[in-house]
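All values below were derived from every heavy atom in this structure, side-chain atoms included, with hydrogens, water molecules and symmetry-related copies excluded.
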Amino acid sequence: MSTHESKKNTGQSQGLNTENPHEPSSQAPEKALDFLIKNAKTILIVVVALILVAATWGGIQVWSDWSQQKDAEEFSQILNLPQVERLQKLTEYAPIAPKTIQGAALLELAGMLMEKEAFQEAATIWSQLAENSSGAVQWLAKLSKARCLLLAGEHDAAYTEMTNCINNAPKTMLVPSNRLLASCAEAVGDKSTAVKALQAILDSKQAVDAQLISYRIKQLQEQ
């Protein structure tokens with residue numbers, strides 16, 4: 001065979017492969033379809049699982065919203081009861097109320113007990129509120145508990161409560177806090193602490209009865 005014929009045959013054999021290697025194969029869609037058919041069961045399971053997860057999460061959110069609305073409606077119905085019945089119902093409901101509504105229920109119950117002058121019972125409710133709250137609400141609950149204990153004649157317990165919470169009092173509440181501390185300290189005979197608390201009120205420059213406080217300090221120092 002001549003060199004010319006050999007080149008011609010070679011060219012013809014190379015010309016048989018006319019498919020562009022950079023173009024997608026015509027078999028690609030068939031391979032993808034074949035993959036989907038072979039793995040249809042696995043893919044279906046995954047899709048169903050994702051749908052179930054989404055549905056479950058959505059159900060939890062709906063249930064949570066509905067539950068909170070139901071709790072609020074129940075609490076609202078209690079507040080609309082006559083006073084005697086409201087107090088009785090709150091006494092049963094507040095200690096076991098759902099977390100979303102318990103703070104408000106305990107506050108309402110404690111206030112009603114103080115109006116009734118059931119100070120020992122009110123102190124117990126304030127204590128429960130303090131245990132289940134934080135920040136300003138917790139401090140207010142502790143302060144109110146100390147006040148109820150003092151009014152109930154539990155002077156030592158009131159004094160201990162106030163000495164523990166006075167350092168955490170917000171700046172805006174230092175005057176009423178020190179007034180209560182002074183009262184608790186006097187009740188247990190701690191004149192030194194009472195004088196310091198009253199002096200702190202004077203130093204704050206916020207007392208409207210500064211002259212009366214000064215007079216009381218002088219009395220305590222002379223006793």
Working to the nearest 0.5 Å, report the span between CG of Leu106 and OG1 of Thr124.
-> 11.5 Å

Less than 4.5 Å apart, any side-chain heavy atom of Ser127 and any of Ile125?
-> no

Check whether any side-chain N or O of Thr163 sits under 3.5 Å from a backbone N or O of Thr160 as a donor-acceptor pair, and report yes or no.
-> yes

Which residue pairs pass the side chain to side chain donor-acceptor pair (under 3.5 Å) test with at least one member in residues 202-215, sequence neighbours excluded?
-> Arg179-Asp209, Gln199-Asp203, Tyr215-Gln219

Are the side chain of Gln102 and the backbone of Ala94 linked by a donor-acceptor contact shorter than 3.5 Å?
-> yes

May I ask whether Val137 and Leu174 are part of the same hydrophobic cluster, defined by side-chain heavy atoms of I, L, V, M, F, W, Y residues being less than 4.5 angstrom apart, directly or through others?
-> no

Are Leu151 and Val188 in one and the same hydrophobic cluster, where Ile, Leu, Val, Met, Phe, Trp and Tyr link if side-chain heavy atoms are under 4.5 Å apart?
-> no

What distance do Lys196 atom NZ and Asp190 atom CG have between them, rounded to the nearest 0.5 Å?
-> 8.5 Å

Of all heavy-atom pairs linking Ala110 and Trp126, the shortest is CB-CE2, 3.5 Å

How long is the span from the CD atom in Gln83 to the CD atom in Glu85, to the nearest 0.5 Å?
-> 12.0 Å

Can you hop from Met114 to Met112 via hydrophobic side chains spaced under 4.5 Å?
-> yes

Just by modelled atom types, is the Ser76 backbone N or O under 3.5 Å from a matching donor or acceptor in the Asn80 side chain?
-> yes

Within a strict 4.5 Å, meaning less than it, do heavy atoms of the Tyr159 and Leu150 side chains meet?
-> no

What heavy-atom pair brings Leu202 and Ala210 nearest, and what distance separates the two atoms?
-> CD2-O, 3.6 Å

Heavy-atom side-chain contact between Glu74 and Tyr93 under 4.5 Å = yes

Residue pair Leu113, Leu87: steps toward the side chain to side chain contact (heavy atoms under 4.5 Å, CB included) verdict = CA-CA 8 Å; Leu113 289 171; Leu87 177 59; 4.0 Å; yes

I would like to know whether Gln221 and Arg216 meet side chain to side chain contact (heavy atoms under 4.5 Å, CB included); could you show each step before the answer?
-> CA-CA 9 Å; Gln221 290 172 335; Arg216 185 54 184 161; over 6 Å; no

Determine, stepwise, if the pair Met162 / Leu143 fulfils side chain to side chain contact (heavy atoms under 4.5 Å, CB included).
-> CA-CA 7 Å; Met162 275 311 301; Leu143 186 75; 3.5 Å; yes

Begin from the C-alpha positions of Asn178 and Leu198 and carry the test side chain to side chain contact (heavy atoms under 4.5 Å, CB included) through to its verdict.
-> CA-CA 7 Å; Asn178 278 295; Leu198 293 173; over 6 Å; no

With a 4.5 Å limit on heavy-atom distance, are the side chains of Phe119 and Arg147 in contact?
-> no

Any link between Leu140 and Leu180 through a network of hydrophobic side chains (Ile, Leu, Val, Met, Phe, Trp, Tyr) touching at under 4.5 Å?
-> yes

Backbone of Leu81 reached by a side-chain donor or acceptor of Arg86 within 3.5 Å = yes

Heavy-atom closest pair, residues Cys148 and Ala122 = SG-CB, 3.7 Å

Spacing of Lys142 atom NZ and Ser177 atom OG [to the nearest 0.5 Å] | 12.5 Å

Between the side chain of Gln120 and the main-chain N/O of Ala152, is any donor-acceptor distance below 3.5 Å?
-> no

Hydrophobic cluster identity match, Leu79 and Ile101, side-chain contacts under 4.5 Å = yes

Taking all non-hydrogen atoms of both residues, which atom of Ile201 and which atom of Ala207 are closest, and how far apart?
-> CG2-CB, 3.6 Å

Find the distance between CD (Glu161) and CG (Asp156) and round it off to the nearest 0.5 Å.
-> 13.0 Å

Measure the CG-CG distance between Leu90 and Leu107 for me, rounded to the nearest 0.5 Å.
-> 11.0 Å

When every non-hydrogen atom of Ala194 is compared with those of Ala185, the smallest separation belongs to N-CB, 3.7 Å

Do the side chains of Glu186 and Thr193 get nearer than 4.5 Å, heavy atoms only?
-> no

